[in-house]
Amino acid sequence: MKMKKYTASTMVEAMAKVREDFGDDAVILSSNVTKTKGFLGLFRKRSVEVVASYDKTNAERTYESQVRSVQAVAEPESVERIQREMREIKQMLKDIQPVDQTFEKYPDELLPILKKLQMQGLASEYITEIGNLVFNRMKQDKIDFTNEQQMELIRTWFSDRLRNIPFGGISYEKKFINVLGPTGVGKTTTIAKIAARALLEEKKKVGFITTDTYRIAAIEQLRTYANLLQAPVEIAYNEQDFCTAIEKLKDLDLIFIDTAGRNYKEAKYVDDLSKLIDFSLDMETFLVLSTTSKEQDMDTIIGQFDKFPIKKFIFTKTDETNSVGSIINLMLKYDLGMAYFTDGQEVPEDLTEASLEKILDLLLAGDSNA
């Protein structure tokens, strides 16, 4: 069996050399990442050492033959042990495959926070911008940035990118508060939380209109919240009912409109909504999305609602996910702000009025070195 040791700057380069000499029949016997210290211990260089051999086909054929022979006569527990060892070998082979080189150019000191942002679902283009910002400052100042210094720079980046994005709850300047969104995102509970805050903290007279006539449970849920707040509820089955409801509630300070939860990926339901609600009223409209949804699905929903005058997002269920980067991705993509985020079912406690600082705390929460 022919063996040879290769040294390269990356695993990809090392594997290319192996294939050049031995072809696809090569066997990787071992791999190791080594580092050499650079200036002030910061700019350390990495290299990969790989030991490869030829005759992979013959080696595998012999090994598999031996395993089959042992399995034929082994006790059940021995077979299980052999199978476990085979799984471990497969995992070892996976571990020596070329690694993700997304962060390869950055020093080790910077990797924990970048990987955290990646796990949070922040778009790769933003992570690259952040990584370059911090790394360039590290090179410029020739220092090993502490975690606190990294966080300060990262927060500065977010502040710059989001400086024109509005944050904050309802303005109390509009009479109608309209809440849109797909089924299952928690619109009714969210409306109840906002209304309760308006009544208890701002002493506003509030009422509700529901257009969610497709689900009896939704109407009863809203009635329950309204009874607790001693607020009136009107049901609108059609456009005429909606106009009648407005007339009945005209003496209130705020009228909250709870729309039907439907699959708004289908344009038909969006068109029905536009015919039922008069968006020309003195109205603030918010789009409610759940952070537990896939970003691609949320993106599709936003696209379907582009005909409506959406003022800001409301994101729910932040307590049910460890990935909130999509919030920032969508705000930057659509240049839309954020009014609230929710983290539970308690009314009105589990409602937070959004601010840049609170969103960054949510994104960067915990130990970035974990």
Are [X] and [Y] side-chain neighbours, meaning at least one heavy-atom pair lies under 4.5 Å?
{"X": "L252", "Y": "V206", "value": "no"}
{"X": "T189", "Y": "Y225", "value": "yes"}
{"X": "K187", "Y": "F286", "value": "no"}
{"X": "L114", "Y": "Y106", "value": "yes"}
{"X": "L363", "Y": "L117", "value": "yes"}
{"X": "E129", "Y": "R161", "value": "yes"}
{"X": "I194", "Y": "I170", "value": "yes"}
{"X": "R223", "Y": "I235", "value": "yes"}

Sequence neighbours left out, what passes salt bridge (Lys or Arg N to Asp or Glu O under 4.0 Å) with [X]? Give chain and number order.
{"X": "D241", "result": "none"}
{"X": "K204", "result": "none"}
{"X": "E234", "result": "K248"}

*Using a strict cut-off of less than 4.0 Å between a Lys/Arg side-chain nitrogen and an Asp/Glu carboxylate oxygen, indicate whether K5 and E49 qualify as a salt bridge.*
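A salt bridge links K5 with E49.
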Taking all non-hydrogen atoms of both residues into account, name the closest pair between [X] and [Y] and its distance.
{"X": "K317", "Y": "G184", "answer": "NZ-O, 2.8 Å"}
{"X": "V233", "Y": "A226", "answer": "CG2-CB, 3.1 Å"}
{"X": "L133", "Y": "L153", "answer": "CD2-O, 3.7 Å"}
{"X": "F176", "Y": "I246", "answer": "CZ-CG2, 3.8 Å"}
{"X": "G337", "Y": "I165", "answer": "CA-CG2, 3.5 Å"}
{"X": "A195", "Y": "L229", "answer": "CB-CD1, 4.2 Å"}

Polar side-chain atom of [X] near backbone of [Y] as donor-acceptor pair, under 3.5 Å:
{"X": "T316", "Y": "V185", "answer": "yes"}
{"X": "T318", "Y": "T342", "answer": "yes"}
{"X": "Y340", "Y": "T190", "answer": "no"}
{"X": "T211", "Y": "A236", "answer": "no"}
{"X": "Q150", "Y": "E109", "answer": "yes"}
{"X": "K174", "Y": "L254", "answer": "no"}
{"X": "K175", "Y": "K250", "answer": "yes"}
{"X": "T188", "Y": "L222", "answer": "no"}
{"X": "T321", "Y": "S323", "answer": "yes"}
{"X": "E284", "Y": "I177", "answer": "no"}

Going only through I, L, V, M, F, W and Y residues with side-chain contacts under 4.5 Å, is there a path from [X] to [Y]?
{"X": "L276", "Y": "I191", "result": "no"}
{"X": "I277", "Y": "V179", "result": "no"}
{"X": "V324", "Y": "V288", "result": "no"}
{"X": "M283", "Y": "I314", "result": "no"}

Whether the [X] and [Y] side chains hold a donor-acceptor pair (N or O, under 3.5 Å, no angle test) is what I'd like checked.
{"X": "S290", "Y": "E320", "result": "no"}
{"X": "D21", "Y": "Y6", "result": "yes"}
{"X": "K311", "Y": "N178", "result": "no"}

When rounded to the nearest 0.5 angstrom, what distance separates [atom1] in [X] from [atom2] in [Y]?
{"X": "K205", "Y": "I255", "atom1": "NZ", "atom2": "CD1", "result": "11.0 Å"}
{"X": "Q120", "Y": "N329", "atom1": "CD", "atom2": "CG", "result": "11.0 Å"}
{"X": "D297", "Y": "I302", "atom1": "CG", "atom2": "CD1", "result": "11.0 Å"}
{"X": "I127", "Y": "L122", "atom1": "CD1", "atom2": "CG", "result": "5.0 Å"}
{"X": "M138", "Y": "Q149", "atom1": "CE", "atom2": "CD", "result": "9.0 Å"}
{"X": "L199", "Y": "D253", "atom1": "CG", "atom2": "CG", "result": "9.5 Å"}

*Output, in order, the C-alpha distance, side-chain angles, deciding distance and verdict of salt bridge (charged side-chain N to carboxylate O under 4.0 Å, His left out) for R155 and E357.*
CA-CA 9 Å; R155 285 179 176 271; E357 293 72 21; over 6 Å; no
*Got a sec: does the CD of E152 have more than 12 other heavy atoms crowding it under 6.0 Å?*
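Not buried by this count: 12 neighbours or fewer within 6.0 Å.
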_Does D306 form a side-chain hydrogen bond (donor to acceptor under 3.5 Å, both in side chains) with Y334? I'd like the steps, not just the answer._
CA-CA 10 Å; D306 63 355; Y334 291 97; over 6 Å; no
_Please determine whether side chain to side chain contact (heavy atoms under 4.5 Å, CB included) holds for the pair F242 and L281, giving the CA-CA distance in whole Å, both sets of side-chain angles, and the decisive distance to 0.1 Å._
CA-CA 12 Å; F242 187 79; L281 294 171; 4.0 Å; yes
*Would you check, one step at a time, whether the test side chain to side chain contact (heavy atoms under 4.5 Å, CB included) holds for F167 with K358?*
CA-CA 10 Å; F167 289 91; K358 291 174 183 176; over 6 Å; no
*asked:* Working note: T291 + S326, criterion side chain to side chain contact (heavy atoms under 4.5 Å, CB included); need CA distance, chi angles, decisive distance, verdict.
replied: CA-CA 8 Å; T291 55; S326 56; 5.5 Å; no
*Output field: ring centroids F308/F279 closer than 6.0 Å*: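 Aromatic pair counts; centres sit under 6.0 Å.
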*If the plane angle is over 60° it's perpendicular, under 30° parallel, otherwise tilted; pick one for W157 and Y126.*
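Rings of W157 and Y126: tilted, as their planes differ by 30° to 60°.
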*For the pair F208 and F256, name the ring-plane relationship: parallel under 30°, tilted 30 to 60°, perpendicular over 60°.*
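Rings of F208 and F256: tilted, as their planes differ by 30° to 60°.
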